[in-house]
**Q** 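Handing you a structure now.
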Amino acid sequence: MIKFIAKLLLLILIISLCFNLVGCKIFQSKVRAINSSFYVTIEAPKSDDGVDFEIANMYDLVITPLVGHVDEYNSELITIEYNKENMVIETTSTKTIFSPSLIYSIYIYDFGEDDTLKFTYNGETVEINYDVVDYDFDSRGWTVPTSIYELDAFPEFKEMLFSIKYHEFKEPYIGLTSYSYSNYWDMGSWGYFLGHDYHTDYLEYLTDSVYYPSVFNVGEQNHTPNLGAGMSFRGSEHVCAGAGRSVMESFSVSYGYVVDPGCTKPQYQYPLTSMSFSARNKELYKEISNPMEKDYPSVSQILVTNYPDKFFVFELNGLTIYFNTDKNRSANAYFFDEHYFYSLKCCYNR
C-alpha cells in the first residue's frame, strides 16, 4: 500500500511539473525537480534552461521527502552543492511532526551563468541549472533622482548628510567597560544611549577611524526620541583599554519612532519616523543572519556597485555619494571608504 501511495504521489508531482512547463499559471513562479526519494521546490521564475535568479534577491527553497522516506529525513542527511561565489543557502526551518519539509533561503549576491544546484539525499540526486540575471528595477517602480534639490524634501536627512565629518582614532584607546559578547557567533556589541540632544561623545569608544554625522537633528517636537549609537566588533581584545586601532564590524547612529509615554495621542505627529547612519565593514557584512563559509555584501552594496546609473551621484567633500528616494516617503544615500560601506536612511510618515 505504501509503495502504491508513493507511486501515486510521484505521478501527481510529475503531472504538476508538466503543467509548469506549458505555462500553467498556478506554477509560474515555482521550479520543481523530483526523484523517487524527494522533491525540490524553488520559488523563482523558470527559464528555458532552469532558473533565473535575480541578483540581490532572496528566494525560498523547500526540500520534501516522498512517502516512505519521512522518518529518517533530516538536514544532516542532505547535501547541497552550489557555486558559493554568487549565492549562499541558509536553513530557515526544519521538519516538524506536521511538516517533514526543510525550508531554506537562497541569497544571490553576484552574477553567474550556467551554474548548477545539486541536492543529494538517500543516495539520489536532483540537479537544477541556474543563471543570475539583472536586478529588475522597473517592476519595483524604481525612479532615479534628477537633481540634488530632491534632498530638500527630507530636511533632517539632508542636514545629516551634509554634516559628515571624519573621526581619527586616538591612542590610548579608552576601552569599553560594558558590552555583550557571543562566543558562538564570535561577535560583540555595544550600545550608547544619546538621550534627546545628539552629541558625539560616543566617538572615543569606537575602535577605528570613521566618518560620522556631526549633526543628527530629529526634531524638537520629538520629546522622547529613541536615539542611540552602537558598535559591533569581533574579538574582545580590541575593546580593552589601551588596545590599538582595529576595524569594526559595524557602527551606527539611529533614531526610532516617536514615543508618547503619556498616551496623549497628539493630533500632530512629527513626520520623521526613523533615520540612521551606519558604517559596515565591506568585507564582513552579511545580509542574512547566520555566518556561513564566506562573507557576502548587502543588497544596497550590490546595487550601488553594479548599477551606479540607478542613483543620483554627486561629490561631497571628496566623497562620492549615491542618492535615491521613494517619492517623498524615504531617502537613502551611500558611499565607500577604504574599510566601510556607509548607508544613510530616513523614513517619513506623510
**Q** Please check this pair: side chain of Tyr342 against backbone of Tyr211, looking for a donor-acceptor N/O pair closer than 3.5 Å.
**A**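 Side chain of Tyr342 to backbone of Tyr211, a donor-acceptor pair under 3.5 Å: yes, one is there.
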
**Q** Is a side-chain N or O of His238 found less than 3.5 angstrom from the main chain of Ser246, in a donor-acceptor match?
**A**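 Judged by distance alone, no pair lies under 3.5 Å.
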
**Q** Mind checking side-chain contact (heavy atoms from CB on, under 4.5 Å) for Glu159 and listing every partner two or more places apart, or none if nothing turns up?
**A**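 Glu159: side-chain contact (heavy atoms from CB on, under 4.5 Å) contacts with Val215, Asn217.
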
**Q** Does Ser178 have any side chain to side chain donor-acceptor pair (under 3.5 Å) partners at least two apart in sequence or in another chain, and if so, which?
**A**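 Applying side chain to side chain donor-acceptor pair (under 3.5 Å) to Ser178 gives none.
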
**Q** What residues, two or more places apart in sequence or in another chain, satisfy side-chain contact (heavy atoms from CB on, under 4.5 Å) together with Thr177?
**A**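 For Thr177, no residue satisfies side-chain contact (heavy atoms from CB on, under 4.5 Å) once neighbours in sequence are set aside.
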
**Q** Could you report the tightest heavy-atom contact between Phe216 and Met160, atom names first, then the distance?
**A**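 Shortest heavy-atom separation between Phe216 and Met160 comes out as CE1-SD, 3.3 Å.
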
**Q** Run the numbers on Tyr202 and Phe251 for ring-ring contact (aromatic ring centres under 6.0 Å, His included), then give the verdict.
**A** CA-CA 11 Å; Tyr202 62 84; Phe251 146 67; 5.8 Å; yes

**Q** Looking only at atom types and distance, does a side-chain atom of Lys282 sit under 3.5 Å from a main-chain N or O of Asp337, one as donor and one as acceptor?
**A**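 Flag set: sc Lys282 to bb Asp337 pair under 3.5 Å.
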
**Q** Do any N or O atoms from the side chain of Asp131 and from the backbone of Asp114 form a donor-acceptor pair under 3.5 angstrom?
**A**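 Side chain of Asp131 to backbone of Asp114: a pair is present.
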
**Q** At their closest point, which heavy atom of Ile63 faces which heavy atom of Tyr104, and how far apart are they?
**A**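 Of all heavy-atom pairs spanning Ile63 and Tyr104, the closest is CD1-CE1, 3.7 Å.
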
**Q** Are side-chain N/O atoms of Ser189 and Ser232 paired as donor and acceptor at under 3.5 Å?
**A**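 There is no such pair (donor and acceptor under 3.5 Å, judged by atom type) between the side chains of Ser189 and Ser232.
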
**Q** To the nearest 0.5 Å, how far apart are CG in Asn281 and OG in Ser250?
**A**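 The distance works out to 9.0 Å.
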
**Q** Using the ring pair (Phe, Tyr, Trp, His ring centres under 6.0 Å) rule, collect all pairs that involve residues 143-164, keeping only residues at least two apart or in two chains.
**A**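 For residues 143-164, and leaving out neighbouring residues, the ring pair (Phe, Tyr, Trp, His ring centres under 6.0 Å) pairs sorted by first residue read Phe154-Tyr348.
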
**Q** One pair to check against ring-ring contact (aromatic ring centres under 6.0 Å, His included): Phe233 and Tyr179. What are the steps and the verdict?
**A** CA-CA 10 Å; Phe233 54 92; Tyr179 59 89; 5.5 Å; yes

**Q** If hydrophobic clusters are built from ILVMFWY residues whose side chains come within less than 4.5 Å, do Val133 and Met58 share one?
**A**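 No, Val133 does not connect to Met58 through the hydrophobic network.
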
**Q** Could you tell me whether the side chain of Glu54 and the main chain of Asp136 form a donor-acceptor pair under 3.5 Å?
**A**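 Side chain of Glu54 to backbone of Asp136, a donor-acceptor pair under 3.5 Å: yes, one is there.
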
**Q** Between Tyr198 and Tyr255, is the ring centroid distance below 6.0 Å?
**A**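 Judged by ring-centre distance (under 6.0 Å), Tyr198 and Tyr255 do not meet the cut-off.
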
**Q** Could you tabulate the donor-acceptor pairs under 3.5 Å formed by side-chain atoms of residues 302-320, not counting sequence neighbours?
**A**
from: Thr305; atom 1: OG1; to: Gln301; atom 2: O; distance (Å): 2.7
from: Asn306; atom 1: ND2; to: Ile302; atom 2: O; distance (Å): 2.9
from: Tyr307; atom 1: OH; to: Asp134; atom 2: OD1; distance (Å): 2.7
from: Tyr307; atom 1: OH; to: Tyr135; atom 2: N; distance (Å): 3.1
from: Glu315; atom 1: OE1; to: Thr320; atom 2: OG1; distance (Å): 3.4
from: Glu315; atom 1: OE2; to: Thr320; atom 2: OG1; distance (Å): 2.8

**Q** Would you check if the side chain of Ser343 reaches a backbone N or O of Ser278 as a donor-acceptor pair within less than 3.5 Å?
**A**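 No.
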
**Q** Keeping the roles fixed (side chain from Thr92, backbone from Ser105), state whether a donor-acceptor pair exists under 3.5 Å.
**A**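 Checking the backbone N and O of Ser105 against the side chain of Thr92, no donor-acceptor pair under 3.5 Å is found.
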
**Q** Do the rings of Tyr205 and Tyr192 sit parallel, tilted or perpendicular, given the 30° and 60° boundaries?
**A**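 The rings of Tyr205 and Tyr192 sit tilted, inter-plane angle from 30° to 60°.
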
**Q** For residues Ser276 and Ser254, is any side-chain donor paired with an opposing acceptor at under 3.5 Å?
**A**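 Note: Ser276 and Ser254 side chains miss the donor-acceptor criterion.
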
**Q** For Asp326, what residues pass the salt bridge (charged side-chain N to carboxylate O under 4.0 Å, His left out) criterion, not counting sequence neighbours?
**A**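 If we apply the salt bridge (charged side-chain N to carboxylate O under 4.0 Å, His left out) test to Asp326, skipping adjacent residues, the hits are Arg329.
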
**Q** Does CD belonging to Glu237 count more than 12 external heavy atoms closer than 6.0 Å?
**A**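 Atom CD in Glu237 is crowded, with more than 12 foreign heavy atoms closer than 6.0 Å.
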
**Q** Which residue pairs pass the salt bridge (charged side-chain N to carboxylate O under 4.0 Å, His left out) test with at least one member in residues 168-187, sequence neighbours excluded?
**A**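 Pairs touching residues 168-187 that pass the test: none.
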
**Q** Is it true that a side-chain atom of Tyr322 and a backbone atom of Asn332 form a donor plus acceptor pair closer than 3.5 Å?
**A**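 Checking the backbone N and O of Asn332 against the side chain of Tyr322, no donor-acceptor pair under 3.5 Å is found.
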
**Q** Residues in side-chain contact (heavy atoms from CB on, under 4.5 Å) with Glu204, at least two apart?
**A**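 By the side-chain contact (heavy atoms from CB on, under 4.5 Å) rule, Glu204 matches Ile174.
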
**Q** Between Phe137 and Trp142, is the ring centre distance below 6.0 Å?
**A**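 Judged by ring-centre distance (under 6.0 Å), Phe137 and Trp142 do meet the cut-off.
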
**Q** Sub-3.5 Å donor-acceptor pair from the side chain of Thr64 to the main-chain atoms of Ser101, do we have one?
**A**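 Answer holds: no.
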
**Q** Quick one: list whatever passes side chain to side chain donor-acceptor pair (under 3.5 Å) with Thr146, sequence neighbours left out.
**A**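 Here the qualifying residues are Glu150.
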
**Q** Step by step, would you call Tyr173 with Val239 a side chain to side chain contact (heavy atoms under 4.5 Å, CB included)?
**A** CA-CA 8 Å; Tyr173 177 57; Val239 293; 4.2 Å; yes

**Q** Name all residues meeting the side chain to side chain donor-acceptor pair (under 3.5 Å) criterion together with Asp152; count only those two or more places apart in sequence or in a different chain, and write none if there are none.
**A**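 Counting only residues at least two positions away or on another chain, Asp152 forms a side chain to side chain donor-acceptor pair (under 3.5 Å) with Lys158.
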
**Q** Assess the pair Tyr334 and Phe341: is the distance between their ring centroids shorter than 6.0 Å?
**A**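 Yes: the rings meet the under 6.0 Å criterion.
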
**Q** Using side-chain contact (heavy atoms from CB on, under 4.5 Å) as the criterion, point out the one residue from Thr125, Asn35, Leu61 that pairs with Phe119.
**A**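 One option only clears the test, and that one is Leu61.
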
**Q** Suppose we screen for side chain to side chain donor-acceptor pair (under 3.5 Å). Which residues come up paired with Thr200, at least two apart in sequence or across chains?
**A**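 None.
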
**Q** Please name all residues satisfying ring pair (Phe, Tyr, Trp, His ring centres under 6.0 Å) with Tyr59, sequence neighbours left out, ordered by chain then number.
**A**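 Here the qualifying residues are Phe53.
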
**Q** Between the main-chain N or O of Met248 and the side-chain N or O of Tyr340, is there a donor-acceptor pair closer than 3.5 Å?
**A**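 Such a contact is found between Tyr340 side chain and Met248 backbone.
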
